[in-house]
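Before any comments, here is the structure.
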2 protein chains.
Amino acid sequence: MDRPQEDIIVEHILDAIADQRLRAGTKLAEQALSDFFSCNRAHVRRALATLAAHRVVEHKPNRGAFVATPTPEEARDVFQARRAIETTIGRNAVRNATPADIDRLRTHLAEEQTARQGGNRPRAIRLSRGFHLLLAQIGRNAVLAHYLDELTMRTSLIIGLYGSGGTLCADDEHARIVDAIAEGNETEALELLDRHLRHIEQGIEFRETRPQTDILSSILAAGG
Amino acid sequence: MDRPQEDIIVEHILDAIADQRLRAGTKLAEQALSDFFSCNRAHVRRALATLAAHRVVEHKPNRGAFVATPTPEEARDVFQARRAIETTIGRNAVRNATPADIDRLRTHLAEEQTARQGGNRPRAIRLSRGFHLLLAQIGRNAVLAHYLDELTMRTSLIIGLYGSGGTLCADDEHARIVDAIAEGNETEALELLDRHLRHIEQGIEFRETRPQTDILSSILAAGG
DNA sequence: TTCTAACAGATTGTTAACAATTTGTGGTAT
DNA sequence: ATACCACAAATTGTTAACAATCTGTTAGAA
């Protein structure tokens with residue numbers, strides 16, 4: 001692995017953001033993080049620099065690092081970027097998907113449904129995001145996959161900020177996308193994917209946001 | 001400004017990469033950088049972490065940081081990602097372009113032509129990239145603009161590695177794209193943009209690459 | 001000559017101490 | 001009661017020293 005110590009911090013925080021445990025605006029105090037990860041502040045500071053470069057953390061001089069708070073304009077841009085990127089990802093997926101890939105997708109769908117029916121919302125959120133990342137993996141373009149990874153994390157922040165109560169990918173939409181991919185019906189798959197993304201976007205509603213005062217350590221401890 | 005010291009280092013190195021002064025594989029020694037920027041190594045290390053997150057620097061444990069060396073597969077992915085992103089950027093540009101924007105584009109084209117005819121290759125490279133970034137600015141999607149910024153820098157590295165001698169955006173192609181935008185002809189503009197990007201990609205040819213032994217300080221000193 | 005091993009120098013990695021800034025608290029005056 | 005100021009605590013920012021690792025050179029043996 002690359003620089004294990006720092007990468008662990010980065011991954012841990014990214015996971016917490018993706019899972020909507022860490023919410024927009026939460027302060028990421030250096031001391032708290034270096035305590036939690038049993039490392040020194042230099043590691044934490046570099047990890048925070050990395051996270052800031054990924055645009056999921058904002059750095060305020062002399063005030064510290066905070067989980068990014070996307071503006072409504074940024075939210076709009078993120079969704080448009082997702083449509084642009086996932087259209088190409090979807091096309092790649094349709095063209096590259098092997099039977100084994102279709103199996104992986106269907107297995108994933110089943111897990112999603114189980115989590116949803118079992119009322120396991122945190123897991124449903126994670127798997128819902130995982131579906132989109134799985135498509136990107138099948139599409140076999142690492143650059144687009146990486147950008148989608150970033151965008152889905154920012155989407156998590158946006159939904160946490162502006163989403164109505166139960167905002168979540170409808171998994172019957174996921175299922176229909178898989179059907180279209182399995183049939184090799186590119187037009188249909190891309191149409192469904194685009195509509196799906198627009199549905200997610202429609203589920204958000206801009207409103208005033210409150211300052212965040214969550215306690216960091218308990219949030220991070222909840223992670224896998 | 002955010003964290004001036006570090007951001008200066010990051011911007012300086014990004015500029016050098018975009019301008020093809022810093023080539024793939026060049027070692028970025030911490031001491032050399034902290035000497036050049038008159039700062040301490042902690043700043044340099046955080047700047048390098050940021051650059052690594054942007055995928056233009058690779059970090060090898062205990063060996064140091066190097067300008068990234070994109071593989072042929074990565075190059076292919078970068079170009080496909082550019083087509084995906086710039087298609088949406090182009091559409092936004094056609095729809096949002098004001099007469100003032102068209103003026104800016106035409107002014108830019110003139111500067112490009114001057115640089116090219118005057119044999120000023122470094123400036124031609126910078127302006128050629130600038131054209132694409134200007135389109136992104138007119139498109140008014142900050143997320144896509146940022147990704148394009150990253151992708152154009154990676155394109156610079158790719159062309160530096162695998163480009164045939166005079167690989168450069170043909171500026172008559174740029175001019176025709178501007179014409180289509182000025183006419184509001186979206187289909188034509190997007191078609192031309194896509195073809196333009198494919199032409200750039202066709203100008204590269206994968207071959208073995210040599211280890212790089214450039215001297216960092218003189219490269220950075222050449223920057224604006 | 002060629003290969004190996006040991007050493008010295010240079011570079012990266014880690015840590016702790018100190019400085020500067022902000023934040024919260026308590027007291028005082030209006 | 002409220003506004004304001006001063007002080008203390010906490011947090012971020014900066015720096016230097018030290019440890020670990022790698023690189024290149026030199027000497028010696030096959």
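FYI, side chains are in, hydrogens and waters are out, and symmetry mates aren't considered; it's all heavy atoms of this structure. Computed from a predicted model, the values in this text were never measured in an experiment. Naming convention: chains lettered A, B, ... in sequence-line order (proteins, then strands); numbering from 1 in each chain.
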Distance check: side-chain N/O of [X] vs OP1/OP2 of [N], anything under 4.0 Å?
X	N	value
B:Arg63	C:dG13	no
B:Lys27	C:dT12	yes
B:Lys60	C:dG13	no

Practice task
Specify the residues of residues 29-43 of chain A, ordered by number, for which at least one heavy atom lies under 4.0 angstrom from an atom of DNA chain C.
Solution key: A:Asn40, A:Ala42, A:His43
Problem - Distance in Å, A:Tyr162 OH paired with A:Glu205 CD, rounded so as to fall on 0.5 Å steps - result: 12.0 Å
Fill in the blank from the handout: A:Asp35 meets the salt bridge (charged side-chain N to carboxylate O under 4.0 Å, His left out) criterion, sequence neighbours left out, with none
Handout entry: Pair A:Arg116 + A:Glu112: basic N to acidic O under 4.0 Å
Key = yes
Can you measure [X] atom [atom1] to [N] atom [atom2] for me and round it to whole angstrom units?
X	N	atom1	atom2	value
B:Arg45	C:dT11	CZ	C1'	10 Å
B:Gln5	D:dT14	CD	C1'	11 Å
A:Asn62	D:dT14	CG	C1'	12 Å
B:Leu48	C:dT12	CG	C1'	11 Å
B:Ile9	D:dT14	CD1	C1'	13 Å
A:Glu58	D:dT12	CD	P	16 Å

Completion exercise
Tested for salt bridge (charged side-chain N to carboxylate O under 4.0 Å, His left out) against B:Asp149, the lone hit among B:Arg82, B:Arg55, B:Arg129 is B:Arg129
Exercise for the section: Answer yes if the side chains of B:Gln5 and B:His43 hold a donor-acceptor pair under 3.5 Å, and no otherwise. Expected result: no
Practice task
Would you please classify the geometry between the A:His54 ring and the A:His146 ring as parallel, tilted or perpendicular, with 30° and 60° separating the classes?
Solution key: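 Perpendicular, since the angle between the ring planes exceeds 60°.
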Practice task
Evaluate the ring planes of A:Phe131 and A:His174, with Trp represented by its six-membered ring, and classify them as parallel (under 30°), tilted (30 to 60°) or perpendicular (over 60°).
Solution key: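 Plane angle under 30°, so parallel.
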Problem - Within the 6.0 Å centroid threshold, strictly below: A:His12 and A:Phe37 - result: yes
Handout entry: Result of checking A:His132, A:Arg91, A:His196 against A:Glu86 for side-chain hydrogen bond (donor to acceptor under 3.5 Å, both in side chains)
Key =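 The residue from A:His132, A:Arg91, A:His196 that satisfies side-chain hydrogen bond (donor to acceptor under 3.5 Å, both in side chains) with A:Glu86 turns out to be A:His132.
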Exercise for the section: Take the C1' atoms of the five end pairs on each side of the helix from C:dT1-D:dA30 to C:dT30-D:dA1, derive the two axes, and give their angle rounded to 10 degrees. Expected result: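 Answer for the end axes of this duplex: 10°.
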